[in-house]
Amino acid sequence: MVSVAKKSVRVRVQEAEAVVESLIEKHGWVICGSDESDDGKTPAHAYTLGLSRMGMAELIVVGLPHLIGGGLLSGLVGGQLAEAERAAH
């Protein structure tokens, strides 16, 4: 029974990884995150994936609800990408 549960979790993780990878391929980068855990041991956080493929640092915000942290990251990265595009032209 335990091995079935572990296999099920592995399959869900692989499916999630495939979704993230397809989003990175489509958009170049994504923001992932989570709110604080119910037991309070894991703080709310948001982080980027895919920026390192463009030669940029991955970013993380800890302590803000993931939607707010994600909005902050989106603004920062969007500004960086827009600046890089302007500089290229």
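FYI, the numbering just counts along the sequence from 1.
Pairing each heavy atom of K41 with each of P43, the nearest pair is O-CD, 3.8 Å. Minimum heavy-atom separation, H66 to A44: N-CB, 4.4 Å. Listed here is the closest heavy atom pair of G70 and A46: N-CB, 3.6 Å.
Of the inter-residue distances, the one linking L81 atom CG with L76 atom CG reads 11.0 Å to the nearest 0.5 angstrom. With values rounded to the nearest 0.5 angstrom, I60 atom CD1 is found 12.0 Å from I31 atom CD1. Distance check, rounded to the nearest 0.5 Å: CG of L51 to CD of Q80 gives 7.5 Å. Atoms CG and CH2, from L49 and W29 in turn, are 10.5 Å apart once rounded to the nearest 0.5 Å. Atom CZ of R53 sits about 7.0 Å away from atom CD of E25, to the nearest 0.5 Å. Here E17 contributes atom CD and I24 contributes atom CD1; the two are 10.5 Å apart, rounded to the nearest 0.5 Å.
V62 and L64 are assigned to two separate hydrophobic clusters, defined by single-linkage of ILVMFWY side chains at heavy-atom distances under 4.5 Å. L67 and L59 are assigned to two separate hydrophobic clusters, defined by single-linkage of ILVMFWY side chains at heavy-atom distances under 4.5 Å. At a threshold of 4.5 Å between side-chain heavy atoms, the hydrophobic network of Ile, Leu, Val, Met, Phe, Trp and Tyr places V20 and V77 in two separate groups. I68 and L72 fall within the same hydrophobic cluster, defined by Ile, Leu, Val, Met, Phe, Trp and Tyr side-chain heavy atoms under 4.5 Å apart, directly or through other members.
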**Request:** Any chance you could lay out the salt bridge (Lys or Arg N to Asp or Glu O under 4.0 Å) test for E15 and R12, step after step, and finish with the verdict?
**Result:** CA-CA 5 Å; E15 290 171 353; R12 287 190 303 244; over 6 Å; no
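In this structure, the side chain of E36 does not engage the main chain of T42 through any donor-acceptor pair within 3.5 Å.
Residues T48 and M56 are not in side-chain contact: their nearest non-hydrogen atoms beyond the backbone lie 4.5 Å or more apart.
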